[in-house]
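A short worksheet on the structure shown next.
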Amino acid sequence: MDPSIQEAESHYFTNEPPPRDLQATVTLAREFINRHATEGRRLVLVTSGGTTVPLETQTVRYIDNFSAGTRGATSAEYFLQEGYAVIFLHRQFSLLPYSRHYSHNTRSFLDYMKEEDGRVVVDGQHQEEMLRVLRQYDEVKRENRLLILSFVNITEYLWDLREVAKLMRPLGPRAIFYLAAAVSDFFVPHDRMVEHKIQSNEEFSGASLPSEGTSKPPAARTEGRSLIIDLEPVPKFLKQLVDGWAPEGMIVSFKLETDPAILVKKALYSLNKYSHHLVIGNLLLTRKWEVVFVSALEGEKWIRVPRNRRAKSISGNESLVGLADPDGKKDGNRTVSADLSIPEGEPAVEIESIIIPEITTMHTKIIEKAQTKPPVT
């Protein structure tokens, strides 16, 4: 283990307080992991949603990102379809598996209901789809294959990730870490955080003081009429998953970019730097239609939804599909797509329905490779 990384980890977790519910999280996760380990079932930790960066101890203001947790919640459903047990570690109030079908649109959930003979029933046009989702959810509940845990800020996320990863270590290669959460690159250290609301009025700006025991000014403070925010980088703990917390588990991380010209390069850089099994690169404006797999096991592979099965996206730009593929492989045999023979007018395909089976196949290869590895003497 790199001493500098180990030192950064020790410093971070010594100085940043754990979430109040950490013990409850550990207790729930331990029981869930042990049960499925006994049954020999594969298990995946899916992280989902954004991470906030609080600017005050009694938080009024914070920095956030755009993530609603769509990728994570959708992926969790497809992992469950593949037979995995899923620990879903999500940003509080972000999308959840199954309920996401009714909570992430411009319609009110009540629009799916109507009153009939004094009872609330599902409107006829939604009966079939809602029954399908409900049956999937009920099956998962009966088999107790989904554990939902939550975090809010970056520090809570890192504490939860570390503790759950350590609990998953005995699973060895049967564990997957699917790190879809949009993790902040910067944070406000606890000892540089003011306790009370940052004042916007110059008369009261001096009332915002940092915690005792630090000579640095508050990381977020007013100077005259300006708000100054001085963030520090979050230590890069992704390497620790490989080296320390769960060294045999399959690790899948994501690289989101906005520039097609650098997507593959950045994904390759992440793969080499963190030694993960798979880095999934995606562009902000095409992420619902295409991603690129970059792995040491299989090299570069593009995953695309065929044009006639793509869902509409207000924020997407379909003209950018394929521009991040530097070798023009989108029509070659290194591209995986859904069935092109499906006729026009069929329901749109969620790209996660292609991504997760591909990951499952890769996971099987990793498990088989680990089983044939000669024992350490």
Side-chain angles (χ1 to χ4, degrees), residues 1 4-34 43 45-65 67 69 72 87-94 147-171 175 177-196 210-214 216 218-220 231-247 249 251 253:
M1 186 183 299
S4 63
I5 297 177
Q6 191 174 17
E7 182 180 350
E9 176 190 359
S10 176
H11 182 270
Y12 185 90
F13 289 109
T14 298
N15 290 276
E16 302 305 316
R20 294 179 181 178
D21 62 350
L22 182 63
Q23 190 53 54
T25 294
V26 168
T27 299
L28 290 169
R30 180 186 291 113
E31 192 276 332
F32 186 82
I33 292 166
N34 289 344
L43 189 146
L45 170 65
V46 175
T47 68
S48 183
T51 54
T52 68
V53 179
L55 300 181
E56 306 118 338
T57 303
Q58 298 188 49
T59 305
V60 174
R61 297 183 174 92
Y62 56 85
I63 299 172
D64 203 355
N65 63 39
S67 177
I87 297 178
F88 187 69
L89 179 61
H90 76 295
R91 159 76 175 276
Q92 189 179 49
F93 305 127
S94 65
L147 175 63
I148 296 177
L149 305 172
S150 68
F151 62 86
V152 175
N153 61 51
I154 177 63
T155 298
E156 292 175 354
Y157 169 78
L158 290 173
W159 269 101
D160 289 342
L161 176 62
R162 184 178 76 155
E163 297 310 305
V164 174
K166 288 180 176 179
L167 292 173
M168 291 174 63
R169 183 169 183 166
L171 297 174
F177 297 86
Y178 186 84
L179 306 178
V183 181
S184 173
D185 292 321
F186 301 94
F187 80 117
V188 175
H190 185 71
D191 62 2
R192 296 190 62 202
M193 192 180 297
V194 298
E195 179 180 359
H196 299 292
S211 302
E212 295 183 5
T214 179
K216 293 183 178 180
L231 303 177
E232 297 187 16
V234 173
K236 299 299 184 181
F237 292 133
L238 289 181
K239 181 68 173 173
Q240 286 296 82
L241 279 172
V242 178
D243 291 343
W245 301 347
I251 300 173
S253 58

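Keep in mind the model is a prediction, meaning the values are calculated, not measured.
Here the side chains of R91 and D64 are in contact, with some heavy-atom distance below 4.5 Å. Under the 4.5 Å side-chain criterion, counting only non-hydrogen atoms from C-beta, L238 is not in contact with V183. Contact annotation: the side chain of T47 never approaches that of F177 to less than 4.5 Å [non-hydrogen atoms, C-beta and beyond]. Contact annotation: the side chain of D185 approaches that of K236 to within less than 4.5 Å [non-hydrogen atoms, C-beta and beyond]. The shortest distance between side-chain heavy atoms of T59 and V152 does not fall below 4.5 Å. Put simply, the side chain of T14 does not reach to within 4.5 Å of the side chain of H11, judged on heavy atoms. Between P218 and R192 there is no side-chain heavy-atom pair separated by less than 4.5 Å. For the pair T52/I63, no side-chain contact is recorded, criterion being any heavy-atom separation below 4.5 Å from C-beta on.
The backbone N or O of S184 sits less than 3.5 Å from a side-chain atom of T51, completing a donor-acceptor pair. A donor-acceptor contact shorter than 3.5 Å is absent between the side chain of D160 and the backbone of F151.
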Show me, pair by pair, the donor-acceptor contacts under 3.5 angstrom made by side chains of residues 163-170, not counting sequence neighbours?
{"residue": "R169", "atom": "NH1", "partner": "G244", "partner atom": "O", "Å": "2.9"}

Can you list, pair by pair, the side-chain donor-acceptor contacts under 3.5 Å of residues 16-27, counting residues two or more places apart and other chains?
{"residue": "E16", "atom": "OE1", "partner": "H190", "partner atom": "N", "Å": "3.1"}
{"residue": "E16", "atom": "OE2", "partner": "H190", "partner atom": "N", "Å": "3.2"}
{"residue": "T25", "atom": "OG1", "partner": "D21", "partner atom": "O", "Å": "3.2"}
{"residue": "T27", "atom": "OG1", "partner": "Q23", "partner atom": "O", "Å": "2.9"}

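Expressed to the nearest 0.5 Å, how far CG of N15 lies from OG of S10 amounts to 8.5 Å. Atom CZ of F187 and atom CD of E232 lie 6.0 Å apart (nearest 0.5 Å). Expressed to the nearest 0.5 Å, how far CG of L43 lies from CG of L171 amounts to 6.0 Å. Taken to the nearest 0.5 Å, the OG atom of S253 stands 11.0 Å off from the OH atom of Y178. Between the CD atom in Q240 and the CG atom in L158 there is a gap of 11.5 Å [rounded to 0.5 Å].
Partners of R61 under the salt bridge (charged side-chain N to carboxylate O under 4.0 Å, His left out) rule, at least two apart in sequence or in another chain, are E56.
Residue A181 comes nearest to S48 through the heavy atom pair CB-N, 3.7 Å, listed as atom of the first residue, atom of the second, then distance. Of all non-hydrogen atoms in L147 and A29, the two that sit nearest each other are CD2-CA, 3.8 Å. Heavy-atom minimum distance, A182 versus N65: O-ND2, 3.1 Å. Taking all atoms of both residues into account, the shortest heavy-atom contact from F13 to W159 is O-CZ2, 3.2 Å.
Side-chain contact, T155 with Y12: a donor N or O sits under 3.5 Å from an acceptor N or O.
Paired with L45 under the rule side-chain contact (heavy atoms from CB on, under 4.5 Å), one option of L89, I33, L149 passes, and it is L89.
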Evaluate the side chain to side chain contact (heavy atoms under 4.5 Å, CB included) criterion for residues Y157 and L161: first the C-alpha distance (whole Å), next the side-chain angles of each, then the deciding distance (0.1 Å), finally the verdict.
CA-CA 6 Å; Y157 169 78; L161 176 62; 3.9 Å; yes
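Under a cutoff of 6.0 Å and an axis angle of 45°, R162 and F237 do not form a cation-pi pair.
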